[in-house]
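Report on one structure; see the data block that follows.
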Amino acid sequence: MTDTTVSRATFDDVMVPNYNPPAIIPVRGQGSRLWDQQDREYIDFAGGIAVNVLGHRHPALLQALTDQADKVWHLSNVYTNEPVLQLARKLTDSTFAEQVFFCNSGAEANEAAFKLARKYAHDRVGPHKHEIIAFNQAFHGRTLFTVSVGGQAKYREGFEPVPAGIGHVPYNDIEALRAAMSERTCAVVMEPIQGEGGVIPADPDFARALRELCDEHDALLIFDEVQTGVGRTGSLFAYMDMGVTPDILTSAKGLGGGFPIGAMLTRRDIAASFNVGSHGTTYGGNPLGCAVARAVLDTVDDPALLAGVRHKQQLFVEQLEAINNRHHCFSDIRSAGLLIGAELIESLHGQAPRVLAAARELGLMLLVAGPNVLRMTPSLIIPDQDIVQGMARLEQAIAAALKVEQAS
Ligand code: PLP
């Protein structure tokens with residue numbers, strides 16, 4: 001039953017105003033569709049910002065959650081538990097990593113990665129080796145350390161003083177990176193594809209040079225795969241297609257398919273710097289989240305599902321190109337699996353939020369990456385017919401935005 005005693009107005013009354021949600025309140029979902037309090041239906045191209053990799057109410061996830069809910073919910077890290085060990089085994093069996101630290105979000109996974117990189121360098125070399133290098137426009141989370149490492153100054157403003165020993169260089173610029181690195185560098189952190197920064201992939205040459213420079217300077221390479229991991233790009237993790245293996249990898253978002261969980265994966269020799277007491281979190285590795293995440297990985301780590309991601313990527317791109325042929329609205333369409341960005345032409349710059357709002361009115365949920373890029377991160381198993389129907393709604397929204405632009 002929908003609770004009509006709460007509405008968008010309640011949000012302004014009782015919620016800290018750091019978000020500005022639209023008027024609608026979704027109340028239930030199924031697959032790639034959502035329904036709001038008024039029972040209006042939406043096609044979901046947003047996937048909870050690259051989280052709902054198996055859509056809404058996937059039977060395997062429902063089963064895993066309810067089975068575990070009937071056993072034990074929480075033990076804390078004073079005790080270990082079966083689901084956490086099974087999940088860690090699954091992650092280490094399917095990646096380069098040998099050991100895993102669990103937490104509850106992407107920011108926490110990155111916080112752990114940055115702390116571990118500093119501790120590892122401190123233990124082996126000394127305190128001077130503490131600098132972290134990151135990239136302009138990168139996004140790594142909203143804790144104080146992760147906004148400081150992130151490459152968007154607006155997320156740091158007003159929160160100073162921020163942690164020191166962090167440098168930023170342009171993404172995909174080998175020479176700038178080379179110039180910034182030194183014996184003081186303990187780690188470089190990179191998103192294999194910048195998500196919030198506009199769906200920008202790392203050049204293969206850049207990724208290889210980055211690995212070489214890290215080796216040359218005895219620095220760790222951290223891949224933030226919070227957005228690109230868990231099948232999003234058509235591989236279990238994006239690094240698997242790059243010919244470059246990181247030393248630390250962070251995951252969250254899709255890992256829980258909608259249940260909050262984060263993970264930091266690494267090698268045994270590096271992990272050893274997090275000895276007993278050096279880092280921790282009460283909820284990290286809790287049985288409910290781990291049981292769900294294992295069901296997510298068991299379902300996603302399947303060649304047929306991953307091949308389906310690439311097929312659906314093609315369909316998305318074809319549909320976007322068809323819209324572009326008719327309306328000449330995009331200057332670029334970028335995609336890696338089902339992480340898709342459509343950059344608006346110059347005359348529509350700044351209009352991405354308006355297109356998003358128009359699409360929602362027409363029953364389509366989208367995302368933006370900055371003011372000029374429409375971003376789509378749907379379920380990895382979104383039915384083809386939902387893609388085609390959603391695209392028809394997007395085309396209408398774009399036509400409306402163009403009309404406004406031409407009238408002004
Ligand atoms: N890293 C990347 C690449 C992300 O895209 C995000 C979230 O958008 C984060 C980290 C932060 O994750 P969370 O919001 O779960 O803290």
Side-chain angles (χ1 to χ4, degrees), residues 16 18-19 21 45-53 101-117 132-152 154-156 159 166 168 171-172 187-202 207 221-233 237-239 242 246 248-265 281 283-286 289 292-293 296 334-341 365-370 373 375-378:
V16 170
N18 60 319
Y19 305 117
F45 280 3
I49 321 188
V51 166
N52 301 309
V53 283
F101 168 80
F102 289 105
C103 49
N104 312 290
S105 67
E108 275 183 74
N110 285 326
E111 184 87 18
F114 304 154
K115 282 181 72 180
L116 178 60
I132 296 173
I133 297 181
F135 297 99
N136 295 346
Q137 299 310 313
F139 187 80
H140 299 301
R142 296 294 202 114
T143 64
L144 195 56
F145 202 171
T146 53
V147 288
S148 310
V149 174
Q152 303 188 44
K154 64 178 186 214
Y155 294 135
R156 292 192 284 278
F159 298 107
I166 298 163
H168 294 97
Y171 194 59
N172 280 330
V188 180
V189 56
M190 180 176 92
E191 293 162 87
I193 298 143
Q194 285 193 337
E196 308 293 309
V199 189
I200 317 271
L221 175 55
I222 303 170
F223 273 4
D224 177 344
E225 291 230 29
V226 168
Q227 188 149 167
T228 55
V230 194
R232 176 62 50 197
T233 63
F237 288 97
Y239 86 86
M242 296 173 76
I248 299 178
L249 181 150
T250 55
S251 179
K253 286 197 182 276
L255 183 60
F259 197 101
I261 182 168
M264 178 194 68
L265 285 64
T281 152
Y283 275 123
N286 86 84
V292 174
V296 170
R334 298 185 283 273
S335 63
L338 288 173
L339 175 52
I340 297 156
M365 287 179 177
L366 285 177
L367 295 169
V368 297
V373 178
R375 181 169 44 137
M376 287 148 249
T377 56

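Order of listing sets the numbers, starting from 1, for every ligand and every atom in it.
- Considering backbone and side-chain atoms alike, A107 places an N or O below 3.5 Å from some N or O of ligand 1.
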*Stepwise, does the ring-ring contact (aromatic ring centres under 6.0 Å, His included) test hold for F223 with Y239?*
CA-CA 8 Å; F223 273 4; Y239 86 86; 7.1 Å; no
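- Every atom of ligand 1 with a heavy atom of N110 under 4.0 Å away is listed here by number and element: 1 (N), 10 (C).
- Remark: the backbone N or O of P201 is paired with a side-chain donor or acceptor of N172 at under 3.5 angstrom.
- Side-chain atoms of Q227 do not come within 3.5 Å of backbone N or O of A50 as any donor-acceptor pair.
- Checked against a 3.5 angstrom limit, the closest N/O atoms of D224 and ligand 1 fall inside it.
- Closest approach of A252 to S105, counting heavy atoms only: CB-C, 3.7 Å.
- At least one donor-acceptor pair closer than 3.5 Å links the side chain of R156 to the backbone N or O of G150.
- Remark: ligand 1 atoms within the under-4.0 Å shell around heavy atoms of S105 are 15 (O), 16 (O).
- Close approach to E196 involves these atoms of ligand 1, each under 4.0 Å from a residue heavy atom: 5 (O), 8 (O).
- Between E108 and T143 there is no side-chain heavy-atom pair separated by less than 4.5 Å.
- Judged by distance alone, the side chain of R334 and the main-chain N or O of I340 form no donor-acceptor pair under 3.5 Å.
- Backbone and side-chain nitrogen or oxygen atoms of G106 are examined, and one is located within less than 3.5 angstrom of a nitrogen or oxygen of ligand 1.
- Of the protein's non-hydrogen atoms, K253 CE, 3.2 Å is the one closest to atom 7 (C) of ligand 1.
- Residue-level proximity to ligand 1 for E191 is carried by the side chain, the only part with a heavy atom below 4.0 angstrom.
- Remark: Y155 OH is packed, more than 12 non-hydrogen atoms of other residues, nucleotides or ligands lying under 6.0 Å away.
- When only interatomic distances are considered, the shortest N/O to N/O separation between Q227 and ligand 1 falls below 3.5 Å.
- The V226 neighbourhood of ligand 1 comprises atoms 1 (N), 2 (C), 4 (C), 6 (C), 9 (C), 10 (C), 12 (O), with distances under 4.0 Å to a heavy atom of that residue.
- Within 4.0 Å of atom 14 (O) of ligand 1, not a single protein heavy atom is present.
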